[in-house]
Amino acid sequence: MNSTPRIVLPDKWSAVAGDTLQLFYRGMIEHPFPYIYNIEFLCDMGKNTPRYFEVTPTSEQIGLHPVTLNLRDCDDKIIASATSVIEVHPAHVSPIKNKNVLCVGDSLTSGGIWCDELNRRLTETDGTPKGDGLENIIFIGTKKRGKTGFEGYGGWTWESYLIPPPAIANEMMIYSDHNKNDNDQHSLWKDENGGIWKLETILEGKIKLIRQQPFADIIPKSGTLHHMSNAVNSEPIVYTDAQSTIRNPFWDTESGKVSFKSYCERNGFEGIDIMCTLLTWNGGGCYLEEGGKDRINRQVELAKKFLRIFHIEYPDAKVLMMGIQLPGLNGGCGASYGAGIGPMSNYANSYALCRYVLEMNIAYQALANLEEFSGYVEFVNISAQFDSENNMPEADKPVNLRNTKTEKVGTNGVHPTTEGYYQIADAVYRSIKL
């Protein structure tokens with residue numbers, strides 16, 4: 001067995017002159033405790049800290065800057081090493097003609113937080129970092145956060161965007177005066193017909209549910225859900241109405257297939273110039289040695305199918321394909337997925353999820369490098385640009401049942417804090433070409 005830690009870097013990171021880039025070592029090194037090593041990040045610009053590399057490149061530094069990441073043991077000998085580059089781009093300028101940007105994803109996109117922050121950074125002049133105030137950039141989509149359009153649906157995968165809505169709804173919105181919050185996300189509940197549902201998106205006055213096992217009857221139109229596992233607030237959910245939410249925005253019922261052109265025509269969009277995708281938390285999360293790589297390969301093949309359809313209809317458009325961030329590292333996975341037995345057991349082991357994230361990075365980079373896709377697909381590494389140790393939800397909790405001293409304990413496995421979503425937006429901001 002190879003006990004040497006693996007370093008997983010993308011081919012490049014993008015940076016923008018005048019914008020500060022931070023690269024977090026935790027998102028590059030495959031080890032449950034990477035800080036036991038001397039981490040050495042070498043570059044001709046920037047500076048190191050114990051947890052991350054930081055640089056605010058200048059306009060004089062536009063171009064490629066090679067980097068090397070070394071892991072040194074207690075004798076200061078290099079035991080692992082990897083190389084990449086930081087490509088510094090000029091500050092963004094307004095495109096001459098309108099550029100339509102479409103953000104596509106799952107529950108990390110369903111609230112539109114990172115999409116809206118990306119829009120702000122590009123088109124507004126307020127906030128921190130100060131917006132660029134650019135013109136001719138339009139974020140399209142049937143879902144809205146303020147003026148920002150997007151497409152994001154909890155629990156969705158590449159496959160979800162490739163198939164027609166199922167005959168029996170797998171996603172339902174129930175309406176309830178409930179007390180659930182983000183700490184209860186992904187908990188499991190049973191309806192009065194014995195059907196099991198996962199709480200996917202929790203909003204004031206309503207909750208989105210995702211079916212967890214096949215059953216003959218649909219969820220009762222009104223009734224009570226009883227707690228099964230993983231919720232902090234486990235009181236029964238009494239709901240007054242239930243409605244199907246499932247729809248594939250890209251599915252054209254007339255032709256019986258996915259069509260991005262039809263999607264734009266139906267919704268009055270001029271077209272798509274840039275697509276940003278953030279998918280892969282659903283349908284993965286397995287131990288790599290126990291089927292995880294097969295799941296990754298399946299997701300890659302579905303992504304290829306999605307990209308081919310898009311490229312045929314919009315051959316001049318570009319795609320920014322994001323990887324995903326590391327999961328919660330201090331109890332968030334346990335809070336969301338329990339102790340590793342049950343329907344969500346694949347997600348209970350946080351380090352297994354870290355390995356999955358890094359393996360997914362490798363797979364997406366390989367896809368983007370294929371001749372078929374390299375002309376229009378760029379892989380955007382998120383794991384190294386995301387502070388997984390601080391930007392995942394957490395709460396103060398007594399250190400034990402007999403002590404009032406508190407410590408920070410994670411409360412969500414894969415859904416970031418607002419600051420975490422902003423870091424995702426920052427990564428896209430650095431990579432987007434206008």
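Start at 1 with the first residue, then count along the sequence.
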**Q.** Gln325 and Ser388, any side-chain heavy atoms less than 4.5 Å apart
**A.** no
Q | Side-chain donor/acceptor of Asn330 to backbone N/O of Gly410, under 3.5 Å | A | yes
Q: Apply side-chain contact (heavy atoms from CB on, under 4.5 Å) to Gln185 and Ser336, showing your working.
A: CA-CA 7 Å; Gln185 195 167 31; Ser336 295; 5.7 Å; no
(Q) Does any part of the side chain of Leu326, heavy atoms only, come nearer than 4.5 Å to the side chain of Phe386, both counted from C-beta? (A) no
Q: Sort out for me which residue in Ile210, Ile202, Val414 forms a side-chain contact (heavy atoms from CB on, under 4.5 Å) with His186.
A: Val414
**Q.** Qualifying residues under ring-ring contact (aromatic ring centres under 6.0 Å, His included), relative to Phe306, sequence neighbours excluded
**A.** Trp158, Phe260
Q: Taking the side chain as every heavy atom from C-beta outward, state whether Phe139 and Leu118 have any atom pair closer than 4.5 Å.
A: yes
Q.
Atom NZ of residue position Lys433 - does it have more than 12 heavy atoms of other residues, nucleotides or ligands inside 6.0 Å?
A. yes
Q | Ionic contact status for Glu30 with Arg355, cut-off 4.0 Å | A | yes
Q) When you look at NZ of Lys397, are more than 12 heavy atoms from neighbouring residues, nucleotides or ligands closer to it than 6.0 Å? A) no
Q | Closest approach of Pro34 to Ile39 (non-hydrogen atoms, all atoms of both residues) | A | O-CD1, 3.9 Å
Show which side-chain atoms of residues 93-102 pair as donor or acceptor with protein atoms under 3.5 Å away, not counting sequence neighbours.
from, atom 1, to, atom 2, distance (Å)
Ser94, OG, Glu135, N, 2.9
Asn100, ND2, Gly271, O, 3.1

Q) Knowing that exactly one of Gln423, Gln385, Glu54 qualifies, which makes a side-chain contact (heavy atoms from CB on, under 4.5 Å) with Phe24? A) Gln423
**Q.** ring pair (Phe, Tyr, Trp, His ring centres under 6.0 Å) evaluation trace for Tyr263 with Phe269
**A.** CA-CA 8 Å; Tyr263 161 78; Phe269 305 141; 5.6 Å; yes
Q: Check the side chains of Asn70 and Ser81 for a donor-acceptor pair under 3.5 angstrom, ignoring hydrogens and angles.
A: yes
**Q.** For His178, ring-ring contact (aromatic ring centres under 6.0 Å, His included) partners two or more places apart
**A.** none
Q: Would you mind checking if Arg295 and Glu359 are paired as a salt bridge, meaning a charged N to carboxylate O distance below 4.0 Å?
A: no
(Q) Is there a side-chain contact between Met45 and Ile86 in this structure, where contact means two heavy atoms from C-beta onward sitting under 4.5 Å apart? (A) yes
Q | Where Ile432 and Leu320 come nearest, the two heavy atoms and their spacing | A | CA-CD1, 3.8 Å
Q: List the steps and the verdict of side-chain contact (heavy atoms from CB on, under 4.5 Å) for Asp19 and Asp426.
A: CA-CA 9 Å; Asp19 177 68; Asp426 293 342; 5.9 Å; no
Q) Can you check whether Met392 reaches Pro416 side chain to side chain, under 4.5 Å on heavy atoms? A) yes
Q: Measure the spacing between CE of Met360 and OG of Ser383 and express it to the nearest 0.5 Å.
A: 12.0 Å
Q. Quick one: does Pro129's side chain get under 4.5 Å of Arg121's, heavy atoms only?
A. yes
Q.
Holding to salt bridge (charged side-chain N to carboxylate O under 4.0 Å, His left out), I want the full list of residues that pass it with Arg51, two or more places apart in sequence or in another chain.
A. Asp387, Glu389
Q | Set of residues satisfying ring-ring contact (aromatic ring centres under 6.0 Å, His included) with respect to Trp189, sequence neighbours excluded | A | His227
Q. Given Glu270 and Ile138, is the side-chain contact (heavy atoms from CB on, under 4.5 Å) satisfied, shown in steps?
A. CA-CA 10 Å; Glu270 293 182 355; Ile138 303 169; 5.6 Å; no
Q: Establish, from distance only, whether the side-chain atoms of Thr157 and Glu159 form a donor-acceptor pair under 3.5 Å.
A: no
Q: Answer yes when Glu372 and Lys304 have at least one side-chain N-carboxylate O distance shorter than 4.0 Å, and no when they do not.
A: no
Q | Side-chain donor or acceptor of Asn297 paired with backbone N/O of Lys293 under 3.5 Å | A | yes
(Q) Closer than 4.0 angstrom, basic N to acidic O: yes or no for Glu301 and Arg298? (A) no
Q: With sequence neighbours excluded, tell me which residues meet ring-ring contact (aromatic ring centres under 6.0 Å, His included) with His31.
A: Tyr37
Q | Lys261 and Asp252 ion-paired at < 4.0 Å | A | no
**Q.** Test item: Gln61 side-chain N/O and Ala17 main-chain N/O as donor-acceptor pair under 3.5 Å
**A.** no
(Q) Please find the pair of heavy atoms, one from Ser110 and one from Thr201, that lie closest to each other, and give the distance. (A) OG-OG1, 4.2 Å
Q: Please indicate whether Asp241 has more than 12 foreign heavy atoms, meaning atoms of other residues, nucleotides or ligands, lying under 6.0 Å from its CG.
A: yes
Q. Charged N to carboxylate O below 4.0 Å: is that the case for Asp273 and Lys318?
A. no
Q: Starting at CD1 of Ile324, measure out to CG of Leu358 and round the result to the nearest 0.5 Å.
A: 9.5 Å
Q | More than 12 heavy atoms from other groups under 6.0 Å of NZ on Lys221 | A | yes
Q.
In the structure I gave you, are the side-chain heavy atoms of Tyr25 and Asn48 within less than 4.5 Å of one another anywhere?
A. yes
Q) Can Asp116 and Tyr421 be counted as having a side-chain donor-acceptor contact under 3.5 angstrom? A) no
Q: Could you walk me through whether His311 and Phe373 pass the ring pair (Phe, Tyr, Trp, His ring centres under 6.0 Å) test, one step at a time?
A: CA-CA 9 Å; His311 187 57; Phe373 301 102; 8.4 Å; no
Q.
Contact between Ile237 and Leu199 at the side-chain level, heavy atoms closer than 4.5 Å - yes or no?
A. yes
Q) OH/Tyr337 to OG/Ser187 distance, rounded to the nearest 0.5 angstrom? A) 11.0 Å
Q) Can you check whether Thr20's main-chain N or O pairs, donor with acceptor, with Arg430's side chain at less than 3.5 Å? A) yes
(Q) Has Glu87 got a side-chain atom pairing as donor or acceptor with Gly63's backbone, closer than 3.5 angstrom? (A) no
(Q) Check whether Tyr153 forms a cation-pi arrangement with Lys143 (NZ or CZ under 6.0 Å from the six-membered ring centre, at most 45° off the ring normal). (A) yes
Q | side-chain contact (heavy atoms from CB on, under 4.5 Å) between Tyr364 and Thr277, worked out | A | CA-CA 12 Å; Tyr364 275 160; Thr277 65; over 6 Å; no
Q | Mutual orientation of the aromatic rings belonging to Phe41 and Trp13 [parallel < 30°, tilted 30-60°, perpendicular > 60°] | A | tilted
